Amino acid sequence: MAMASAKVFEIVNIFTQAPMDLSIHEDCERTSISFGLQKDDTKLPDEAPIVLLSSRDGMTIRWRQMDTDDFDNTDYLSDNNNWNCFKEEYEAEPENSELSVEITIDKHQVNHYLSVYDIDNFTTTLLNKGTFAFLCSINSVFEDFLYFEVFYAPFQTWHTQSIAFKPNGNDFKLDEENCIKVNRNQKFSSRKDVCYVEGLDEIKLLPEDFYLQQATNDIQKTFLQLSCMLSQSFLFDNSQIIEDKYNYKLLGLIAYPNKVYDISQVSSLANATPNIYFKIYKWVYCDGGLFDKINIARNIISLNINVVDLSLNTDTFYSILSNYQIYEKENSLQYIELRNKISEILLGLQEKIDKISDDYVDGMKKNVLTIVSFIISTIVIRTIAKQDVITGFSFPILYLMLALLLVSALYMYLCRSDTSKKIKLFERHYKQISNRYEKLLCKNELQKVFEDCDPNMNDSHASILQARMKCITWIWGSVLIVFGIAVVGLFFIVE
């Protein structure tokens with residue numbers, strides 16, 4: 001006789017206290033109970049046995065005489081609520097008749113809960129499955145998180161991040177909100193970017209769904225091994241589950257092409273370092289840098305893996321972290337060198353545009369100084385000659401001054417035109433340099449580096465210089481206009 005839980009005996013005892021050849025089989029879909037009995041004067045209860053089960057489950061009971069193969073009597077179907085008909089026909093059977101009874105409990109996952117009526121048989125059934133069949137069993141009832149509600153009061157609660165085994169009536173809760181927030185599709189998409197996986201397309205389970213820091217019984221140890229295998233599928237270059245074989249390919253500093261690992265029996269999985277694989281998986285797939293991390297992880301794993309059982313050296317994870325820190329430091333130095341190089345180029349451009357501005361200012365100073373010097377010289381000569389200063393500006397001198405003003409205006413135009421061309425050349429160089437480095441730096445970083453030289457940005461060095469150029473042009477033009485008006489006025493005075 002199979003060892004049965006109290007809940008199973010409670011159901012069986014409806015018919016007999018002494019079942020013969022009791023057989024129990026329970027998985028995630030149903031619980032099947034079969035036994036023989038010699039009918040006595042035991043009366044079936046008025047209340048249907050469905051009350052002994054969870055309200056989310058259904059029950060079917062069939063019986064027959066042992067010397068026949070056909071279940072041609074009325075079956076009790078909880079959905080049909082026909083217990084009274086079943087009871088009447090069953091009790092009409094003569095005493096001492098040898099009968100065979102089959103009870104099937106159809107289990108349904110409702111609101112993330114699934115019943116377990118005989119935990120020992122349930123775990124034994126799962127552990128006798130192949131690895132892929134085990135995964136499929138859990139996967140078929142899993143959605144974000146899952147509670148296995150065990151109908152055995154002394155059962156001790158244990159759980160992973162998203163799967164819990166707890167006794168019926170226990171108020172333990174997973175972090176359901178966090179379980180729902182886990183973006184499984186994004187993780188599988190990221191895995192697709194760096195790994196090729198075949199045979200797990202319909203499996204929506206992640207390594208953390210099975211991960212336990214410590215495992216004390218067989219089912220917990222199996223959960224930990226499944227977490228390890230799923231972690232490997234997120235780390236190895238190629239993972240294929242074909243029948244009872246796990247084919248994998250790992251291409252690191254040492255290549256392991258087309259290796260095969262036996263997974264025919266889930267209970268026989270025996271990787272000695274599942275915790276290390278899980279740590280590596282969690283590190284690779286969090287906080288960005290996926291492609292860099294996966295390459296470093298594969299390189300170090302390839303140097304530390306045991307191809308017999310796929311276990312890793314105990315320091316593997318820390319070696320990966322150390323190598324990544326070295327990699328980041330090298331990248332940081334390259335980044336600093338790149339920033340310095342760009343800064344040197346931009347400083348060179350700033351110096352050039354500063355020189356453009358200075359040359360424009362010098363041109364204005366020299367030009368205005370020439371006109372002022374001519375006027376002052378004329379005034380000084382007239383004063384020394386004791387002649388009237390105003391009337392001393394003869395028509396030839398006034399025409400010469402007018403010619404100087406026109407030449408100055410032309411010179412201002414030429415300087416302005418030349419300066420505008422140089423500014424446009426600067427803007428073109430600025431865009432070329434910006435485009436050259438846009439693939440090396442992110443957009444925001446690039447804008448920050450180039451902001452002081454951006455001619456289109458307010459308060460940048462380049463925009464301030466452009467404003468300065470406009471101001472100088474305005475002053476130069478104003479001086480020429482003032483002198484021009486003065487010269488025209490002198491024409492009327494001299495006449």
Side-chain angles (χ1 to χ4, degrees), residues 28 126-144 146 160 162-163 182-211 222-271 273-274 276-286 290-302 304-312 316:
C28 291
L126 288 182
L127 293 175
N128 285 332
K129 290 178 177 290
T131 301
F132 185 67
F134 188 108
L135 283 172
C136 289
S137 294
I138 304 297
N139 187 72
S140 65
V141 292
F142 183 87
E143 186 177 349
D144 294 326
L146 177 64
T160 66
S162 52
I163 298 176
V182 173
N183 194 331
R184 295 175 180 272
N185 291 333
Q186 183 179 5
K187 285 202 172 184
F188 288 125
S189 177
S190 296
R191 181 178 70 175
K192 189 175 181 180
D193 289 337
V194 293
C195 305
Y196 174 78
V197 179
E198 182 179 336
L200 294 174
D201 298 339
E202 302 301 322
I203 303 299
K204 55 192 174 187
L205 297 162
L206 295 169
E208 49 263 46
D209 296 323
F210 292 104
Y211 180 72
T222 299
F223 263 51
L224 194 53
Q225 292 297 320
L226 287 172
S227 172
C228 179
M229 192 185 80
L230 290 176
S231 295
Q232 291 164 355
S233 76
F234 277 84
L235 296 173
F236 292 170
D237 294 84
N238 191 317
S239 297
Q240 294 176 291
I241 292 182
I242 302 176
E243 296 180 350
D244 295 331
K245 302 295 181 183
Y246 175 43
N247 299 337
Y248 70 92
K249 180 189 295 183
L250 175 62
L251 302 178
L253 293 176
I254 300 176
Y256 297 94
N258 303 319
K259 294 293 182 178
V260 180
Y261 186 59
D262 182 21
I263 57 170
S264 56
Q265 197 75 18
V266 69
S267 58
S268 66
L269 298 178
N271 190 300
T273 55
I276 297 177
Y277 273 109
F278 183 75
K279 288 179 181 178
I280 297 172
Y281 151 75
K282 289 292 286 184
W283 174 77
V284 168
Y285 284 86
C286 74
L290 173 63
F291 292 94
D292 294 332
K293 288 180 177 179
I294 195 71
N295 287 330
I296 291 172
R298 285 170 178 166
N299 286 337
I300 304 304
I301 289 173
S302 70
N304 292 275
I305 192 170
N306 182 332
V307 294
V308 177
D309 65 354
L310 304 186
S311 62
L312 299 172
T316 302

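Values in this document were obtained by computation on a predicted structure and should not be read as measured data. Numbers here simply count residues along the sequence, with the first being 1.
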Worksheet item: How many angstroms lie between CD1 in I138 and NZ in K129, if you round to the nearest 0.5 Å?
Response: 9.5 Å
Fill in: F210 side, atom CZ; L224 side, atom CG - distance, nearest 0.5 Å
11.5 Å
Discussion item. Taking the side chain as everything from C-beta on, heavy atoms only, tell me whether F188 gets closer than 4.5 Å to L206.
Written reply: yes
Worksheet entry | Which atom of N271 lies closest to which atom of P274, heavy atoms considered | O-CD, 3.3 Å
Item to complete: Check side-chain hydrogen bond (donor to acceptor under 3.5 Å, both in side chains) between Q186 and all other residues, then give those that pass, not counting sequence neighbours.
Response: N183
Discussion item. Would you compute the distance between atom CZ of F278 and atom CG of L230 and round it to the nearest 0.5 angstrom?
Written reply: 10.5 Å
Worksheet item: Does a side-chain heavy-atom distance below 4.5 Å link L135 with L200?
Response: yes
Worksheet entry | Flag side-chain contact, heavy atom, 4.5 Å: E208 against T160 | no
Discussion item. Would you say that T222 contacts L269 through its side chain, given a criterion of any heavy-atom pair below 4.5 Å between the two side chains?
Written reply: no
Atom pairs and distances, side-chain donor-acceptor, residues 292-299, under 3.5 Å, sequence neighbours left out:
unit_1	atom_1	unit_2	atom_2	d
D292	OD1	Y327	OH	2.9
D292	OD2	Y327	OH	3.1
K293	NZ	W283	O	3.1
K293	NZ	C286	O	2.7
K293	NZ	G288	O	3.2
N295	ND2	F291	O	3.0
R298	NE	L235	O	2.7
R298	NH1	V194	O	3.4
R298	NH1	D237	OD2	3.2
R298	NH2	V194	O	2.5
R298	NH2	L235	O	3.4
R298	NH2	F236	O	3.4
N299	OD1	L253	N	3.3
N299	ND2	N295	O	3.2

Discussion item. For a quick test of reading the model, state the closest non-hydrogen atom pair linking T273 to L312 and the distance between them.
Written reply: OG1-N, 2.9 Å
Worksheet entry | CG on L205 to CZ on F142, rounded to 0.5 Å | 6.0 Å
Fill in: Contacts of N238 that satisfy side-chain hydrogen bond (donor to acceptor under 3.5 Å, both in side chains) - sequence neighbours left out
none
Worksheet entry | Interatomic spacing from OG in S231 to NZ in K279 - rounded to 0.5 Å | 12.5 Å
Worksheet item: Listed by chain and number, what are the side-chain hydrogen bond (donor to acceptor under 3.5 Å, both in side chains) partners of Q265, not counting sequence neighbours?
Response: none
Worksheet item: So do D262 and K245 actually touch side chain to side chain, heavy atoms under 4.5 Å?
Response: yes
Practice prompt. List in chain and number order the residues that pass side-chain hydrogen bond (donor to acceptor under 3.5 Å, both in side chains) with S137, two or more places apart in sequence or in another chain; answer none if no residue qualifies.
Written response: none
Item to complete: Flag the pair F134 / S267 as yes when at least one side-chain heavy-atom distance between them is below 4.5 Å, and no otherwise.
Response: no
Worksheet item: Taking all non-hydrogen atoms of both residues, which atom of V308 and which atom of Y261 are closest, and how far apart?
Response: O-CE1, 3.7 Å
Worksheet entry | Smallest separation among heavy atoms of Y246 and Q232, with atom names | CE2-OE1, 3.4 Å
Discussion item. Between N139 (side chain only) and E202 (backbone N and O only), is there a donor and an acceptor less than 3.5 Å apart?
Written reply: yes
Worksheet item: Do the side chains of I305 and L310 get nearer than 4.5 Å, heavy atoms only?
Response: yes
Item to complete: Taking the side chain as every heavy atom from C-beta outward, state whether Q240 and Y196 have any atom pair closer than 4.5 Å.
Response: yes
Worksheet entry | Pairwise distance NZ(K187) to CG(N185) - rounded to 0.5 angstrom | 12.5 Å
Item to complete: Write down the atom of C228, the atom of Y277, and the distance for their closest heavy-atom approach.
Response: SG-CD1, 3.4 Å
Practice prompt. Kindly write out the residues that satisfy ring-ring contact (aromatic ring centres under 6.0 Å, His included) with Y285, not counting sequence neighbours, or none if the list is empty.
Written response: F234, Y281
Response to the item:
V284 and L290 have their tightest heavy-atom pair at CG1-CD1, 3.6 Å
Worksheet item: When you measure from the side chain of T316 to the backbone N and O of N304, does any donor-acceptor pair fall under 3.5 Å?
Response: no
